[in-house]
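Structure first, commentary second.
Letters A, B, ... are given to chains in the order of the sequence lines, protein chains preceding strands, and every chain is numbered from 1.
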2 protein chains.
Amino acid sequence: MATGRTHRPATRSRGIPEATVARLPLYLRALTALSERSVPTVSSEELAAAAGVNSAKLRKDFSYLGSYGTRGVGYDVEYLVYQISRELGLTQDWPVVIVGIGNLGAALANYGGFASRGFRVAALIDADPAMAGKPVAGIPVQHTDDLEKIIKDNGVSIGVIATPAGAAQQVCDRLVAAGVTSILNFAPTVLTVPDGVDVRKVDLSIELQILAFHEQRKAGEEAPMETAVGEGALPASAPRGAAADDSADQGPDGDVPAVMPA
Amino acid sequence: MATGRTHRPATRSRGIPEATVARLPLYLRALTALSERSVPTVSSEELAAAAGVNSAKLRKDFSYLGSYGTRGVGYDVEYLVYQISRELGLTQDWPVVIVGIGNLGAALANYGGFASRGFRVAALIDADPAMAGKPVAGIPVQHTDDLEKIIKDNGVSIGVIATPAGAAQQVCDRLVAAGVTSILNFAPTVLTVPDGVDVRKVDLSIELQILAFHEQRKAGEEAPMETAVGEGALPASAPRGAAADDSADQGPDGDVPAVMPA
DNA sequence: CCATCTTTGTGCACGCGTTCACAAAGACAT
DNA sequence: ATGTCTTTGTGAACGCGTGCACAAAGATGG
């Protein structure tokens, strides 16, 4: 998957392990699908298969929430949907602002999945004056100057950053200062935030690079051609300045427009 | 952050821990920035700060690649850029296809970060005949019918799925059958793939839900109002059908158009 | 050539997460 | 009521990842 972690390490929130929290949305999605098909109950085995995990893990995950199953039968779908929704805080409304309405920001604004799960796009914000007032996904874009006022007027606590990397930290600082305590970062930068603020990042480039690593490894294993493709053929005495030809085509990566993480 | 993992669990690729692989792109980005500023060497402390990790972790990560540092001095920036690039397989060209040219697919196609790191958009594919031939980001969209031929002609091994959830598995199967062995999935579904195929997923909705969980917890701690907001006040005898009012507004989540993961 | 200082590389311990395997609990039939 | 069968909930073991703390390595200056 495509997600790096930036939350505090071993912070067991209310006894629920972080790894479990990360899987709850997966279970919820599978359960919602079952609910729509009016399936009354489901076993840990079936649900685990639908969510793509093994059943032991699922049962242990649920055990952190309480004993919601019935032995010999399974779990009540509706009931579990409710419990997980409540646990994730999805029974309440979360106003969200998106900052940086470029290619990606616009795509996010148009994303229908926002509203369906308690998330509501309260405002779109961009630094380009030419964008101001222009409607995107039916919502008029507002200028960065009004960021603080927008946050406070709408009681926003979750912000989405889809700006170029260069602007991300500054936007982040302003969001936090205005009261935002959770940030979803699409910009290819490491954000620095004070304690108590959660940051999660989505980074396309990183995901692709991880895939490339495994892809290279696969290729190297199947066909150990030449001097072993993926292997470090050169010991410690490798050409120290051999990176010259490679660094040339690496443009200003941290300055790409507001499209997608790099 | 916004990334779920779907790779095989404890697969130490060539001795390099998965957690380390996931951080290499972070280091590479920080190093590239230093390289552009013509900084010759960097200490583990400085680089760690730039990448947002602690120095011990960084040094241990690098130790898996080999001894590329100089005690008392630090790491040679150019040399390290080269080594990490090579390790990640970024010294070669990776043709990539994007399937599903909706809002998100188009944003991805326009993403400049692709080309800058060895990734090249070889083709855009969509099921809508009306899209065929229409250029997006300067590349003409091709119809799904030609998927297999496109994959083979271009030697594509990495596919990006940005279709609606309903079409994702089918597209995935076709990609895999055609020879793709790495998939980056933006559709809100669990993909089932044969052994040897890597899947990573990017899921906006999941990330937001995780943030909401923490956000709710924060709110519940600060103000333990009413009957403890995030707490399960109801034991095992909770209202079994209480989910009715909640499941109403949850529309067909798995069927959203090709915009973004739900 | 020796002493000092800086910074790497890593042995070790600890904690989280995963998995196994099974006892306990309940449904269901007789 | 009793027995059988299914499925949950969890104790325990294991493995990976993280962070500490320090010895080893090399640079630098006298």
Side-chain angles (χ1 to χ4, degrees), chain A residues 1 4-24 26-27 39-49 51-77 79-80 83 210 235-237 240, chain B residues 4-24 26-27 39-49 51-77 79-80 83 210 232 235-237 240:
Chain A
M1 73 203 80
R5 304 269 151 74
T6 317
H7 49 70
R8 49 205 175 303
T11 304
R12 283 257 179 120
S13 313
R14 143 86 183 300
I16 301 182
E18 189 62 30
T20 295
V21 173
R23 281 188 294 266
L24 290 182
L26 237 47
Y27 301 144
V39 177
T41 61
V42 64
S43 72
S44 63
E45 205 71 49
E46 294 167 324
L47 186 54
V53 302
N54 77 46
S55 62
K57 195 184 292 186
L58 178 142
R59 287 198 301 275
K60 178 140 291 194
D61 283 341
F62 285 177
S63 77
Y64 292 115
L65 308 182
S67 288
Y68 295 153
T70 304
R71 296 172 193 234
V73 177
Y75 299 91
D76 182 292
V77 173
Y79 184 61
L80 207 46
Q83 288 299 342
I210 294 171
S237 60
R240 278 272 161 175
Chain B
R5 303 266 152 76
T6 317
H7 49 71
R8 46 205 177 305
T11 304
R12 283 255 179 122
S13 313
R14 140 90 182 298
I16 301 181
E18 190 60 32
T20 295
V21 173
R23 281 189 292 268
L24 289 182
L26 236 47
Y27 301 144
V39 177
T41 61
V42 64
S43 71
S44 63
E45 204 72 49
E46 295 168 322
L47 185 54
V53 301
N54 78 45
S55 63
K57 196 184 295 185
L58 179 143
R59 286 197 301 274
K60 180 144 292 194
D61 283 342
F62 284 176
S63 77
Y64 292 115
L65 308 183
S67 289
Y68 294 153
T70 304
R71 297 172 193 234
V73 177
Y75 299 91
D76 182 293
V77 172
Y79 184 61
L80 208 44
Q83 288 299 341
I210 295 172
S237 60
R240 281 271 160 174

So which nucleotide from D:dT10, C:dG9, D:dG19 ends up closest to the side chain of B:R59? C:dG9
With the sugar-phosphate defined as primed atoms, P, OP1 and OP2, and the base as all remaining atoms, what B/S/- string results for nucleotides 23-30 of chain D, 5' to 3', for protein heavy atoms under 4.0 Å? -BB-S---
When rounded to whole Å, the NZ to P distance for the pair B:K57 and C:dG11 reads 19 Å
From CD of B:E18 across to P of D:dG17 the rounded distance in Å is 8 Å
May I have the distance from A:L65 (atom CG) to D:dT10 (atom C1'), rounded to whole angstrom? 15 Å
A:Y27 OH to D:dT8 P: how many Å, rounded? 13 Å
What pairs with A:R23 under salt bridge (charged side-chain N to carboxylate O under 4.0 Å, His left out), at least two apart in sequence or on another chain? A:D61
So which one's nearest nucleotide on DNA chain C is more toward 5', A:N54 or B:V42? B:V42
Heavy-atom pair of closest approach, residues B:L65 and B:Y68: O-OH, 3.3 Å
In whole angstroms, how far is the C1' atom of C:dT7 from the OH atom of B:Y68? 19 Å
Options D:dT10, D:dC20, C:dC12, nucleotide nearest the side-chain atoms of A:K60: D:dT10
Can you list everything that forms a side-chain hydrogen bond (donor to acceptor under 3.5 Å, both in side chains) with B:T41? Sequence neighbours excluded, please. none
For C:dT8, does OP1 or OP2 lie under 4.0 Å from any side-chain N or O of B:S44? yes
Ignoring hydrogens, what is the shortest heavy-atom contact between B:L47 and B:V42? Give both atom names and the distance. N-CG2, 3.7 Å
When rounded to the nearest 0.5 angstrom, what is the spacing between OG1 in B:T20 and NZ in B:K60? 9.5 Å
Within the 4.0 Å heavy-atom criterion, would you say B:Y75 contacts the bases, only the backbone, or no part of the nucleic acid? sugar-phosphate
Taking only residues two or more places apart in sequence, or in another chain, which ones meet A:Y27 in a ring-ring contact (aromatic ring centres under 6.0 Å, His included)? A:F62
Starting at atom OH of B:Y64, determine the distance to atom P of C:dG11, rounded to an integer number of angstrom. 10 Å
Comparing A:G66 and B:A56 on DNA chain D - which has the more 5′ nearest nucleotide: A:G66
Can you tell me the distance, in whole Å, between the CG atom of A:L80 and the P atom of D:dG9? 10 Å
If I take atom CD1 in residue B:I16 and atom P in nucleotide D:dG17, what distance separates them, rounded to the nearest angstrom? 12 Å
Counterpart residues, side-chain contact (heavy atoms from CB on, under 4.5 Å), relative to B:S55 (two or more places apart): B:S44, B:E45, B:A48, B:R59
